[in-house]
Trainee: 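Would you mind keeping the following structure in view while I ask a few things?
Order of listing sets the numbers, starting from 1, for every ligand and every atom in it.
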Amino acid sequence: MLLALSHPVFSLDTLAATPPMGWNSWNWFADKVTDNDIRLAADQLVASGMRDAGYIYVNIDDTWEGKRDASGVIHPNEKFPDMKALADYVHSKGLKLGIYSSPGPQTCGKYEGSYGHERQDARTYAAWGIDYLKYDLCSFSDVMDSAGIRDLDARDRMTRAAYEKMHQALLATGRPIVYSLCQYGFDSVWRWGSAVGANLWRTTGDISEHYDRIVLIALTQSGLGRYAGPGHWNDPDMLEVGNGKLSHEENQTHMTYWAMLAAPLLAGNNLTQMSDDVRAILTNREVIAIDQDRLGREANLLFQEGPVQIWSRPLDDGGTALAIFNIGTDRAQLRGSDLHVKEAGLPSGAEARDIWAAKELGRIGDADPLVIPSHGVVLLKLTPK
Ligand code: GAL
């Protein structure tokens, strides 16, 4: 019996063997999200083909929380009349339901957090049928402030302990619940996230629907790959593909960076108003296959030449994904020789496929020059011959 408790029937590695994929309410709906929005998102994940492409989790972000009753049990607010019924609906579509809370007494939106109720909340989530928890630091710093903890090391230790506490609470439910840490990358979380049971941990502050922000986040991910792999992933935040004024090139760039980074793919757009172009970008099977590659090896920045950045990632089938980003304002052109195949350690004589163009290019050395539009990307799959 004891053995069964300390070794749950599921393992973290199989729970998120590849980076989690789905949709989250925050980037589009923010604090306005309702039960009906979640149901419509679930419907659209199915209708758009996203579910079949791998987008399985439907995640409710902040502002679902209501009050606790006399026994301390959390209830949803009036926007979410019946969480169990909502979970049943989402499950009936072949999808999974995620929820959000904080280790502090209040969430970032000033709703009820889990502080002092961790076990109780985990049990409630499990009883509702929740499959994923995003646990957002928010007011936990107030807890440390009021306890008079000023020492930075002590604060880091307390924060880690708070995340471990919810990890234990989730395990104790016996229900497999993906555990997502959100504390903006503080305290080099990539070094200890998996030790507190996280399947993913945010490595940055919040994303926004602006190209510059997306690129800045991507650039700060290089080198973090050694901490990620099957079961535990770096999370550079949810996707903004299809939001704001992002152009076709910028949406492709965003999706490509995230796929190269083995990042969780949590779409954040309004699925009921998705253009065909955005749907095609989000559901490109070959790009998703790179993100979900079983090796789980994140890309690194190979080299940069002015505004052109080249990232590469080894794949399970022996191939290499090579992404050439142009973050400048003018188009860029590259010949095979500009890739410095040998110095870069790329397979020489490999055959290249242009993934977004869905076109075989032949041997990289012989191919026509690649043209990368401003803010665009060329994503190649190299296969050694
Ligand atoms: C932020 C978090 C966002 C979103 C928001 C909700 O701290 O980074 O992703 O969850 O809180 O209030």
Side-chain angles (χ1 to χ4, degrees), residues 19-35 37-38 41 55 57-66 74 76-77 79-80 97-115 121 125 130-145 155 159 162-163 166 177-190 193 196 198-210 213-214 216-218 220-221 224 233-244 246 254 257-258 261 263-270:
M21 291 176 67
W23 176 89
N24 173 295
S25 59
W26 186 254
N27 284 353
W28 178 264
F29 290 100
D31 57 347
K32 305 281 186 303
V33 66
T34 65
D35 171 285
D37 295 326
I38 298 296
Y55 294 86
Y57 290 96
V58 188
N59 293 349
I60 310 168
D61 208 280
D62 200 359
T63 80
W64 64 267
E65 309 86 343
I74 183 97
N77 61 39
K79 295 193 295 160
F80 289 86
L97 186 65
I99 212 162
Y100 168 102
S101 190
S102 169
Q106 283 195 326
T107 66
C108 291
K110 307 258 178 282
Y111 287 73
E112 189 73 22
S114 292
Y115 180 66
D121 285 359
Y125 304 153
I130 296 294
D131 307 292
Y132 184 117
L133 173 68
K134 172 174 168 183
Y135 208 42
D136 191 351
L137 192 63
C138 304
S139 64
F140 191 73
S141 54
D142 301 344
V143 174
M144 298 189 283
D145 291 345
R155 290 173 76 93
T159 307
Y163 278 103
M166 184 50 98
I177 298 178
V178 170
Y179 189 31
S180 156
L181 267 52
C182 177
Q183 47 75 282
Y184 335 113
F186 294 162
D187 184 22
S188 309
V189 61
W190 40 88
V196 297
N199 297 110
L200 59 157
W201 48 82
R202 277 270 297 274
T203 52
T204 72
D206 286 15
I207 198 167
S208 69
E209 71 283 32
H210 299 104
R213 178 68 187 144
I214 292 162
L216 181 65
I217 288 180
T220 56
Q221 305 304 298
L224 301 188
W233 305 101
N234 289 308
D235 172 14
D237 207 355
M238 305 169 293
L239 293 169
E240 293 281 12
V241 173
N243 283 342
L246 294 172
H254 184 10
Y257 268 127
W258 265 234
L261 292 167
L265 297 178
L266 294 167
N269 55 324
N270 183 354

Trainee: Answer with yes or no whether the side chains of Asp136 and Tyr184 bring together a donor and an acceptor at under 3.5 Å.
Mentor: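 Asp136 and Tyr184 do have a side-chain donor-acceptor pair below 3.5 Å.
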Trainee: Assess the side chains of Asn234 and Trp201: does a donor N or O sit below 3.5 Å from an acceptor N or O?
Mentor: yes
Trainee: Would you find a donor on one side and an acceptor on the other, under 3.5 Å apart, between the side chain of Trp23 and the backbone of Asn269?
Mentor: yes
Trainee: As a test of reading the model: which residues have a non-hydrogen atom less than 4.0 Å away from ligand 1?
Mentor: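 Within 4.0 Å of ligand 1, protein side: Trp26, Asp61, Asp62, Tyr100, Cys108, Gly109, Lys134, Asp136, Cys182, Tyr184, Arg202, Asp206, Met238.
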Trainee: If we ignore angles and hydrogens, is there a donor and acceptor under 3.5 Å between the side chains of Ser101 and Glu65?
Mentor: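 Result is no, nothing qualifies.
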Trainee: Please answer whether the main-chain N or O of Lys79 pairs with a side-chain N or O of Asp35 as donor and acceptor at a distance below 3.5 Å.
Mentor: no
Trainee: Assess whether atom CZ of Phe80 is packed by more than 12 heavy atoms of other residues, nucleotides or ligands within 6.0 Å.
Mentor: yes
